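Keep in mind it's a predicted model, so treat the numbers as computed, not measured.
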Protein chains: 2
Amino acid sequence: MRVYNFSAGPSMLPESVLKKAQAEFLDFEGSGMSVIEMSHRGKVFDGIAKKCEALFREIMGISDDYHVLFLQGGASQQFDAVPLNLMKTGKADYVVTGNFSGKAAKEGARYGDAKIIASSKDANFTYIPELKYEDFRTDADYVHITSNNTIFGTRYLDFPKTPTPLVCDMSSEILSREIDVNKFGLIYAGAQKNIAPAGLTIVIVRKDLAESSTPNCPTMLKYSTQANAESMYNTPPCFPIYMAMLVLEWIKSLGGVKEIQKINEYKAGLLYNFIDNSSYFKNSVRIKDRSIMNVPFVTPSEESDALFIKEAVQNGLVSLKGHRLVGGMRASIYNAMPVEGVKKLIEFMKAFELKNK
Amino acid sequence: MRVYNFSAGPSMLPESVLKKAQAEFLDFEGSGMSVIEMSHRGKVFDGIAKKCEALFREIMGISDDYHVLFLQGGASQQFDAVPLNLMKTGKADYVVTGNFSGKAAKEGARYGDAKIIASSKDANFTYIPELKYEDFRTDADYVHITSNNTIFGTRYLDFPKTPTPLVCDMSSEILSREIDVNKFGLIYAGAQKNIAPAGLTIVIVRKDLAESSTPNCPTMLKYSTQANAESMYNTPPCFPIYMAMLVLEWIKSLGGVKEIQKINEYKAGLLYNFIDNSSYFKNSVRIKDRSIMNVPFVTPSEESDALFIKEAVQNGLVSLKGHRLVGGMRASIYNAMPVEGVKKLIEFMKAFELKNK
C-alpha cells in the first residue's frame, strides 16, 4: 500500500508518473533499452533532454534571454557556484531567512564581501524581513535570497526590488506557484522536491550573467561550460532529466503552474485553517509569510510530538518529523502530495487532539 | 525486444537488475514509497547507502585506510577536484593517454605546475607509454593517470610505481578486473559504465589525503566535506546509489570481480581474435595495451564503416559508432554486456565481411 509521504525531500512523485516510468523501464518507446542505459549523445535521449527543457521553459514562461542548465551537485554546490561565477567586483548582498540561506551567505563570504542585509534570526526565522530597494548596495554583484525556507516554513509572498541582479534559491517551491522569471538574474533549484528524483539541479540564468566568471572558478562550476554545451559538457544525470520531463508533462496536463498553485493554496489552506482553529496544534510563522509547501507545527509537548509522529506512521502518514533545528512536526505538501493526503493528515490530527488533549 | 547496446556510457545494465528495480519501483520493500521518493536521512535509504558502500568495499577489497565517497558531477568534476584538494605544493605529474587524461592535465595546469611526464599522442594514443619510477618527480603532489581509455581502446595492464600518490580515473573499467586499491592514493569513477546509471561518481581516497585541501577549493569540491558527512553533506544521488547496490549484489552473485574478469577477458578475447584473423576488420592498438572494455575497429573505408553501423542497428546491435576522434566503430563491452551480445556482434561482422569484402 502506498503511504502519504510528507518528507521535505526527496519527496512524493505523482503516482501516474511513477507508473509510466515503471512500465517503460526496460524498453523506452521501442528503443530496446532502458532510458538509463542509452547514450546521452544518441537521438533518443537527446529528444528527452530537449523536450524536458522545452516543457520547463513553457511552463515557467522562460524567455530566450535565459539559459536553462541541467546540472549536478545540488543547491549546496550553487552556494559555491553563484559567487564563483557572479561575484566579479567582490561584493554581494545576502538575506538570511533560514538554514540554507545562511549556508549560502557563509559560502559567499569565502569569496568576497558577502554582506547580510537582513536576517530573521532574531525570531528563529518565523518571518520574512521587510526589504526596501534602498537596503541593498548599488555596487554589489547580486542579491541572494531563498524564496521558500523548507525547515522554518516561510516564503516570500513578493520578491524584493533590487538594484543588482536577484539570485534566488527556489529549491523547495519551484513550479508550485506562478513567478515572473524576468524579475530574476538567476534561479536555482535542487530537483528532489517538486521536479524529479535527487541528482539534478536546474539553473535558470540570464545569458549576460553566464558569459564569464571569476578567475578562480573551476571549469565544471562555470555556467558558461554547460551553457556552451547545452548541459552536455559531460554525461548529464539522465534519469532525473527523464523523470523531470514526465513530471512537467503531468503539470501541463493539470493546466500548468497556475492550476497547480490553486491546488497548493487549497491544500495549505486546509491545513493552516485546521491548525489555527485548534487549541492543541500550533504554527508560529507570521501568517503572511507562511509557506504553502512546508508546514511546521507542534503539539503542547515534545512527548506528544514524538507520540504523534509514531502513531502517524502507523496510519500511513510518514516523514512528519520536523527538522532538528525546530523540532516538532513538519508536513511537506509539495505538488505531488494529493489533496487526499492532506485531508487524511487533518483527520488524524483531529483524532489525535481528541485523544491526547 | 531488448537490443545489445554497445554504448560507451551510459551503457547496458544487467537485465535482472533492471527487472528487480522495475518490480519494486513503486514500493521499496513494503515501505509504501518508491526508492526515489524517500528521505535520504530516513532509515530505509540509510540502509541502502550503507549496504552499497559495504558491498563496494568488500568487492573492491578496500581497507579502512580509505574513504569511499558517493558524489555528483562526473569524472570531469574530479579533473578540478583532484588538484583543488591534492595539489598543495603546486606540482603534479600527468600521463596523457587519450582525450580524458588530456582534459585532466589541462585542468591541472589551471591550478599549478602540471607536468606531462609522458604521452602517446605521437601514435594517436594507440599504446600506453612505458613508465619508470625515475620518470616522476619526487616533489610533486601526485601522479595522475587514466587506467582505461574509452575512446582509444587502451588500458594499463600494470600500473606504474610512483614516488608520489597515484591518482587514477578508472571510470570505464572499474569493477571489470582485479586491482589492488592499496597501490593508489585516489581512484575515481563515473558510474555510468560499470556501476549504475549516470549521476553518481565514486571516489576512493586514502584518508590522509582527504584531511585538507588547497585554500581555493570550494566547499562542495572538498573531499573532507563529504568524508565528514558520510557522503550526506547534502542530498546524494539516491537512485544511482540504489542501482549501484543492486549491480554490486549482481557482481557478488557471479563470484565477484575475479569471476567477472574471466568473463570480460573471454568476451574481449573472442572479439580481438576475430578481428586479428580478419583481413577486413582492423584494430590498431598495441596488443598488450588493448582494453577489455572498449574495442575500436574499422573496415577498409569510411563508407563501409557507415554501412556497418546502419545495418548493425537493423540487427539489434546499437551504439557501435566510434568516437569522432577516431572514427570507425567501437564496441563497448562492459560487465553487463552478455557473452551472447559479443557472439552476435561477431556473427554479424562475419556476415558483413563476406558480403562487402
Looking at B:Y233, I'd like to know if the NZ or CZ of A:K103 sits under 6.0 Å from its six-membered ring centre while staying within 45 degrees of the ring's axis.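 Output yes; distance and angle both within limits.
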Return the option, out of [options], with the maximum number of heavy-atom pairs under 4.5 Å with chain B.
options                      : answer
A:P218, A:P237, A:P240       : A:P218
A:A198, A:S319, A:A21, A:G42 : A:A198
A:D80, A:T235, A:N234, A:V3  : A:D80

Interface moiety of B:L71 toward chain A, non-hydrogen atoms closer than 4.5 Å: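 Neither the backbone nor the side chain of B:L71 comes within 4.5 Å of chain A.
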Per-residue contact mode, B:M38 against chain A (heavy atom under 4.5 angstrom):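 Answer is backbone: N, CA, C or O of B:M38 sit under 4.5 Å from chain A.
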Given that the side chain runs from C-beta out, which part of [X] has a heavy atom under 4.5 Å from chain B: side chain, backbone, both or neither?
X      : result
A:M33  : both
A:K321 : neither
A:Q192 : side chain
A:P236 : backbone
A:R2   : both
A:E107 : side chain
A:A23  : backbone
A:V318 : side chain
A:Y111 : side chain

Calculate, to the nearest 0.5 Å, the distance between atoms CE and CG belonging to B:M1 and A:D27 respectively.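 Nearest 0.5 Å value for the CE-CG distance: 9.0 Å.
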To the nearest 0.5 Å, what is the distance between CG on B:L26 and NZ on A:K19?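 B:L26 CG to A:K19 NZ: 6.5 Å, rounded to 0.5 Å.
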Assert yes or no for the condition that the ring centre distance of B:Y94 to B:H144 is strictly below 6.0 Å. yes
More than 12 heavy atoms of other groups within 6.0 Å of A:E230 CD: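 Not more than 12 within 6.0 Å, no.
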Any salt bridge linking B:K20 with B:E24? Criterion: basic side-chain nitrogen under 4.0 Å from a carboxylate oxygen. yes
Okay, side chain of A:S171, backbone of A:G190: is any donor-acceptor separation there less than 3.5 Å? yes
Pick from B:P197, B:G199, B:G73 with the largest number of heavy-atom pairs that fall under 4.5 Å of chain A: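 If we count pairs closer than 4.5 Å to chain A, B:G73 comes out on top.
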Side-chain touch A:N335/A:W250, heavy atoms, less than 4.5 angstrom: yes
How are the rings of A:F25 and B:F239 set to each other: parallel, tilted or perpendicular (split at 30° and 60°)?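 Plane angle over 60°, so perpendicular.
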